[in-house]
K.L.:
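This is the structure I have questions about; it appears just below.
Whatever order the structure lists ligands and atoms in, that order sets their numbers, starting from 1. The structure presented is a predicted model; accordingly, all values stated were derived computationally and were not measured. Every heavy atom of this structure was used, including side-chain atoms; hydrogens, water molecules and symmetry mates were not.
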Amino acid sequence: MIKSCQQHGFPGRGTTILPCIQKSGNRILIFILFFFFMLPVNIVIAADESGGDNENHYSPGLKRGERLFYGLIEGKFQGNACGDCHNTMEIDTFNWNPNAWEIAHKYKDRSVEEFQKAVLNPTGRTMSVTHTSFNLNEAEVELIKKYLDHFEEQGLTKQKPIINKILLFLLLGALLTWIVLEVLFLKKVRRKWILGVLFIGALGWQIQLLLDAGIALGRQENYEPDQPIKFSHWVHVTDNHIDCNYCHHTVEHSKSAGIPETELCMNCHIIVREGTYSGRHEINKLVNAYENGDPIEWIRIHNLQDHVFFSHAQHVAVGKIECRTCHGPIENMHRVKQVTDLSMGWCINCHRDTEVQFFENDFYDKYEALHRAVKAGEIERVTAEQVGGTECSKCHY
Ligand code: HEC
Ligand code: HEC
Ligand code: HEC
Ligand code: HEC
Ligand code: HEC
Ligand code: HEC
């Protein structure tokens, strides 16, 4: 099977007989594989570089401010340094302390004296606990402010992009390319069925990855964004026994549960000005928004597409379904997380399984035929499906 280069008309070199087609085929193969393997590496490097900071422009004062902030200079902190509590990276986990960007932003246009006062002469319970044991003089705090002013422009350091799936996708692509080359040109592997199995497997996996990505675009299970104010359901519902309906006061009689307006928060926070976990920083944001008349821009978490109709009143008041059935244990969350995918299958499955509170419920008086069937013993229970819960038009406009 081995054909020498001479046989193909290429000038060979003396006695070495090289399998010419295979050699150039291998080169192409190696090149293609190299290309595919290197591509993700390049992406990572590029992402890294764009995320990196431009240390070169640092003046000595700025550099010292940064080192002070992170506690890299001996003897300045007995316990934590600023950077240990006021984090400078974007993080996934919930953290009560204001992050470095928040404090930088707040004090950017304020005087150095004001900043020095906040750091060195703390007021309030939380500040007196956290802002002690600093061995800093005023000049050093000024340098820290200088660093923070610079940091404000730069923003929190971004996390690295999730490239694992892209990497996997590209590797599968490389495998597929190799199989095609092998079948058409290289013809080295004897057992062709292995290639067939590999091909179908790799292609199937790629399609699966694409489908997952496509579906995830419209859905947000596990979505858990940081809110503009660290409002905690745990603190309000579990610790302070406030009823869901006190804040989400439209939930019983309207389509939407609604997010409470700032005035409602102020019923209590006109008095309560310091929280156990966050100190004054978060409640101050609330009070400032109220005094300036700025709306608080809560980030919406649960969000059905526009073509779907969903009513809270229908489920909570008529269906007597508890909030936690659909929203999970909100009362134990410091930061709200969506626990279901809100897909059509989720709605339909529940409508098939859930018995409605059919009796002693005025809403169902109109279903005479069903009432008769139950009385005659033909059916034992009535599900949401039987009162129309799986008809397209009930949920779709
Ligand atoms: C003191 C007022 C208050 C109380 C009490 C309260 N909430 Fe909330 N709730 C809010 C605020 C403010 C938001 C918006 C900020 C956030 O998402 O944390 C919110 C958000 C939510 C969200 C997410 C909304 C979205 O954007 O999708 C759900 C779900 C929710 N609350 C359910 C509940 C349930 C269930 C209870 C009772 C266990 C409850 N809430 C009690 C004030 C309250
Ligand atoms: C019915 C009274 C009441 C209402 C209404 C209320 N809160 Fe509170 N809030 C409290 C109490 C009590 C605390 C706990 C104070 C403490 O920890 O000592 C608190 C604490 C907080 C904290 C600090 C949490 C901590 O422990 O650090 C924030 C932030 C907050 N509330 C924001 C809000 C917002 C925003 C609203 C409106 C959506 C709101 N609150 C509505 C009573 C209320
Ligand atoms: C042990 C943790 C901890 C350390 C260390 C710490 N802080 Fe704080 N800092 C906090 C907390 C918590 C708050 C919010 C308390 C409050 O608002 O009542 C805060 C608040 C602040 C504020 C005021 C924010 C506002 O709302 O006005 C500034 C400014 C600040 N810190 C700067 C610094 C600097 C600079 C350092 C280092 C010299 C530092 N912090 C070290 C925990 C810490
Ligand atoms: C049958 C499931 C179900 C139950 C029970 C339920 N919710 Fe919801 N909730 C949803 C869905 C679905 C959405 C998204 C609605 C949309 O995007 O139109 C939502 C959205 C919300 C929102 C965001 C704002 C809004 O109105 O769209 C809040 C707040 C909320 N629910 C609170 C509650 C509270 C409080 C209860 C209990 C009294 C409750 N929910 C019971 C399914 C449910
Ligand atoms: C936890 C169970 C559960 C989930 C999840 C649920 N539902 Fe329901 N739904 C019910 C029950 C029970 C009823 C019947 C009570 C009633 O008709 O008032 C109902 C009734 C309805 C009705 C009225 C049907 C009629 O006959 O008028 C609509 C519309 C509806 N649901 C839409 C939705 C949509 C859209 C979703 C998903 C986003 C959803 N539901 C998720 C339990 C659920
Ligand atoms: C109980 C409520 C409910 C019923 C009944 C229902 N749907 Fe849906 N449907 C939904 C929800 C919720 C979504 C949104 C899914 C999402 O956002 O991923 C949806 C999405 C869709 C979509 C868009 C595809 C998608 O995933 O976004 C189509 C098409 C659709 N439904 C068709 C139908 C047809 C046809 C029927 C009748 C056989 C029907 N639906 C009955 C709740 C329902």
Side-chain angles (χ1 to χ4, degrees), residues 68-69 71 76-77 79-86 96-98 100 102-104 106-107 114-115 117-120 122-134 136 140-141 144-145 148 227 229-232 234-236 239-242 246-247 259-269 271-286 289 296 298 302 304 308-311 313-315 317-322 325-326 334 340 342-344 346-351 353-358 361 363-364 383-391 394-396:
L68 283 165
F69 185 83
K76 296 295 168 191
F77 298 94
N80 289 320
C82 321
D84 297 332
C85 293
H86 301 294
W96 278 109
N97 301 335
E102 284 183 293
I103 53 174
K106 182 166 173 178
Y107 286 89
E114 242 182 302
F115 183 76
K117 217 173 131 226
V119 179
L120 297 177
T123 50
R125 249 185 298 136
T126 315
M127 286 285 255
S128 341
V129 177
T130 52
H131 280 215
T132 49
S133 66
F134 301 162
L136 298 164
E140 284 166 333
V141 176
I144 293 180
K145 181 168 191 312
L148 284 177
Q227 295 290 351
I229 296 179
K230 287 168 190 161
F231 173 83
S232 159
W234 185 325
V235 168
H236 290 86
D239 289 350
N240 288 290
H241 313 288
I242 306 172
Y246 178 81
C247 290
I259 302 296
E261 44 295 327
T262 313
E263 285 74 18
L264 192 136
C265 312
M266 290 309 288
N267 284 348
C268 301
H269 286 288
I271 303 165
V272 182
R273 288 297 171 99
E274 179 153 9
T276 311
Y277 301 97
S278 63
R280 297 187 168 179
H281 185 79
E282 300 299 327
I283 296 177
N284 276 347
K285 289 191 213 163
L286 170 67
I296 301 168
W298 301 111
H302 301 76
L304 287 171
V308 184
F309 174 83
F310 176 86
S311 161
Q314 183 89 49
H315 291 87
V318 184
K320 308 268 183 280
I321 301 174
E322 283 182 39
T325 312
C326 297
H334 282 313
T340 50
L342 302 190
S343 65
M344 175 160 144
W346 176 69
C347 317
I348 300 270
N349 283 341
C350 183
H351 287 183
D353 294 344
T354 310
E355 202 174 329
V356 296
Q357 323 257 325
F358 197 59
N361 200 338
F363 185 80
Y364 295 117
T383 59
E385 182 173 22
Q386 279 161 310
V387 293
T390 50
E391 288 165 20
K394 287 279 165 74
C395 301
H396 292 290

K.L.:
Just going by heavy-atom distances, which of Phe77, Trp96, Phe69, Phe134 is nearest to atom 41 (C) of ligand 3?
P.N.:
Phe134

K.L.:
Show your reasoning for whether side-chain contact (heavy atoms from CB on, under 4.5 Å) applies to Leu264 and Tyr246.
P.N.:
CA-CA 9 Å; Leu264 192 136; Tyr246 178 81; 3.7 Å; yes

K.L.:
With sequence neighbours left out, write down each residue that passes salt bridge (charged side-chain N to carboxylate O under 4.0 Å, His left out) with Arg280, or none if nothing qualifies.
P.N.:
Glu274

K.L.:
Does even one non-hydrogen atom of Leu136 get within less than 4.0 Å of ligand 3?
P.N.:
yes

K.L.:
In ligand 3, which numbered atoms sit nearer than 4.0 Å to a non-hydrogen atom of Arg280?
P.N.:
16 (C), 17 (O), 18 (O)

K.L.:
Classify the ring geometry between Trp234 and His334 as parallel (under 30°), tilted (30 to 60°) or perpendicular (over 60°).
P.N.:
parallel

K.L.:
Cys395 heavy atoms, cut-off 4.0 Å: which ligand 5 atoms fall inside?
P.N.:
32 (C), 35 (C)

K.L.:
If you draw a sphere of radius 2.8 Å around atom 8 (Fe) of ligand 2, how many protein N/O/S atoms end up strictly inside it?
P.N.:
2

K.L.:
Heavy atom to atom 24 (C) of ligand 2, shortest distance: which of Ser232, Ala289, Gly279, Ser278 holds it?
P.N.:
Ser278

K.L.:
Taking atom 8 (Fe) of ligand 5 as the centre, count the protein N/O/S atoms lying under 2.8 Å from it.
P.N.:
2

K.L.:
Could you tell me which atoms of ligand 5, counted from 1 in the order shown, lie closer than 4.0 angstrom to a heavy atom of Val387?
P.N.:
25 (C), 26 (O)

K.L.:
What protein N/O/S atoms are there under 2.8 Å from atom 8 (Fe) of ligand 3, waters excluded?
P.N.:
His86 NE2, His131 NE2

K.L.:
Considering Val356, Val308, Thr325, Thr383, which one's heavy-atom position lies nearest to atom 14 (C) of ligand 5?
P.N.:
Val356

